[in-house]
Amino acid sequence: MLQSKLSSRVAVRSGRAVSPAVVPHFAAHGPALPVVGAALPRTSAVASKRQQNLNRLNVVANVAAVEAPRAYQAPGKGLKQVNVVYKFGGSSVRDAERMREVADIICSFPQYLPCVVLSAMGKTTNMLLECGDLALRTPTDKIGDLAPLRGIRKLHLDTCDELGIEPAVRAEVEHLINELQQLLIGISIMQDLTPRAKDSLVSFGERLSTRIFASYMRVQGVPARQHDAWELGLTTTDDFTNADVIYEASLPAIAASLAPKAGQPVEVPIVTGFLGRGQTTGAITTLGRGGSDLTATVLGAALSLPEVQVWKDVDGVLTSDPRIVPSTRPVNELTFEEATELAYFGAQVLHPQAMQPAIRSGKMNVRVKNSYNREAPGTIISSERDLACSVVTSIVLKSNVTLVDIISTRMMGQYGFLSTVFDAFRRHKISVDVVATSEVSVSLTLDPKKISGAPEDELGQLQGELSKIAGVSYRKGLAIVSLICNVEKTSEILMRTFSVFQREGIRVVMMSQGASKTNISLVVDGERGVEAVKLLHKEFFDGPSVCSNTLGVTVGLGANGNGHSNN
């Protein structure tokens, strides 16, 4: 009788019905669920008592599962092998409500058995980084009071309670948060936040979100198993905070890890995005901000899948930043080359390296979809597309860039000038965005956020070194306006662009057409960057179009000669 009441209480607390399918999962895989308490330092009596409580709560959860009806239909009915990868970003899993929606999306497409890659919940990564910064100036006995740490604890434990996840997993979540606090205490003691420690710090976001979500799926009757990406074999260089995937080691290991196992039930893999394991150090590494996109495409390439779906909070890749241009609209198709250029020059839709696994695969497409609008077709990114009706595809803005002019008439006719210049940038670990050259001069732009040390110090040292062979000057606070376009129509694009700029008095400081043949970049005064984007978007995307098709977005010369449309 008491157990029946407890079962009803657990079922009500979960907010959704749970399924009898949970019981065989526990029977077959119960030992694989981490009993986190066993890893905590404590006396054997306390350990025994806590384990008894966990066992009792698990029994209650199992009984509730038997009594409750099924909430979701497990995806991939009849399939034994994953046939698609879904990636959901932080805004898509920001709270319990959004996690329910993501679960519903996953179970809405019965033809797919997905591998699911998740980012950290909401702004958790930002809060973790804030915790690290605060720990450097906070006494150890005050670490537990850090506001972002309290926020992380509350968000994840409240989500556990709202979703009614398995008690053993809730205990694991608590343990991870306590482990996070211990790491912050270590940072406080050492007064140092190394790149290696920073990667370990931010890894808690994905490790928490995937455990919570996998447990929720199981409670809802969908067999699912959480995986840390490195356990599957995702191996990287040891470049902490921005590691590169080592494909030769990663792809076969992941394929073997996710291959169907004889005698084991089919489960939906729930994988941490953004994370890997350093090949030499064995430490946790990260793939750079937005690296969950790259995790998804690496998994897709490893499994030789035809498509990876990246679920965001927009209806696909857009013609510009909607915060700048309210009338922006989705683009139906992109090439990998176009998507890479967009990401590199500031579009926030995809990680700059996310296309590389798809290119290596040679047969995998990437589709960008909206988790808030699942019926939207999204943007399909593939190796090639018909550019006959395309002039400008998208316009992006990169603000707060620095222009460096390097001029040396002494190098007229001398070999080695460019190699000397770029070798200096290499030694100082300064990444270059846009370059324009002549025989005696080089102009290039830098993103201060990508300079490894303090920007002022690094630029000062670089200037001192290059001044031995050339005159060096800087201009800060500029902006790059990049037109991802069909450069077969460069003459038309430049004619119309400079016509707009001349009319509005916008001066172009530097221009570069990328070797990729998909990008024209214009450097303008930073104060006029937003205005330039708005004007060019109106020029190339507004007005009637003489080039259209049934697929949706097209870009063609307006009938009145004043604009383009992709309606």
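The model shown is predicted, which means the values in this text are computed figures rather than measured ones.
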Mind telling me whether Phe498 and Phe501 have parallel, tilted or perpendicular rings, with 30° and 60° as the class edges?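 Phe501 and Phe498: perpendicular rings.
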Fit a plane to each ring of Phe88 and Trp311, take the angle between them on a 0 to 90° scale, and name the class: parallel (under 30°), tilted (30 to 60°) or perpendicular (over 60°).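 The rings of Phe88 and Trp311 lie parallel, inter-plane angle below 30°.
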Whether the [X] and [Y] side chains hold a donor-acceptor pair (N or O, under 3.5 Å, no angle test) is what I'd like checked.
{"X": "Thr124", "Y": "Asn126", "value": "no"}
{"X": "Gln309", "Y": "Glu307", "value": "yes"}
{"X": "Thr236", "Y": "Thr285", "value": "yes"}
{"X": "Thr138", "Y": "Ser188", "value": "no"}
{"X": "His227", "Y": "Thr272", "value": "no"}
{"X": "Asp238", "Y": "Thr281", "value": "yes"}
{"X": "Ser443", "Y": "Asp405", "value": "yes"}
{"X": "Ser482", "Y": "Ser521", "value": "yes"}

Which residues satisfy the side-chain hydrogen bond (donor to acceptor under 3.5 Å, both in side chains) test with Thr335, sequence neighbours excluded?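 Counting only residues at least two positions away or on another chain, Thr335 forms a side-chain hydrogen bond (donor to acceptor under 3.5 Å, both in side chains) with Glu338.
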Is there a donor-acceptor pair under 3.5 Å between the side chain of [X] and the backbone N or O of [Y]?
{"X": "Thr328", "Y": "Ser320", "answer": "yes"}
{"X": "Ser382", "Y": "Asn365", "answer": "no"}
{"X": "Asp239", "Y": "Asn242", "answer": "no"}

Atom CD of Glu488 with >12 non-hydrogen neighbours under 6.0 angstrom: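 Not buried by this count: 12 neighbours or fewer within 6.0 Å.
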Does a side-chain N-to-carboxylate-O contact under 4.0 Å join Asp542 and Lys534?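 Salt bridge: no.
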Could you check whether Arg475 pairs with Asp525 (Lys NZ or Arg NE/NH1/NH2 to Asp/Glu carboxylate O, under 4.0 Å)?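 Yes, this pair counts.
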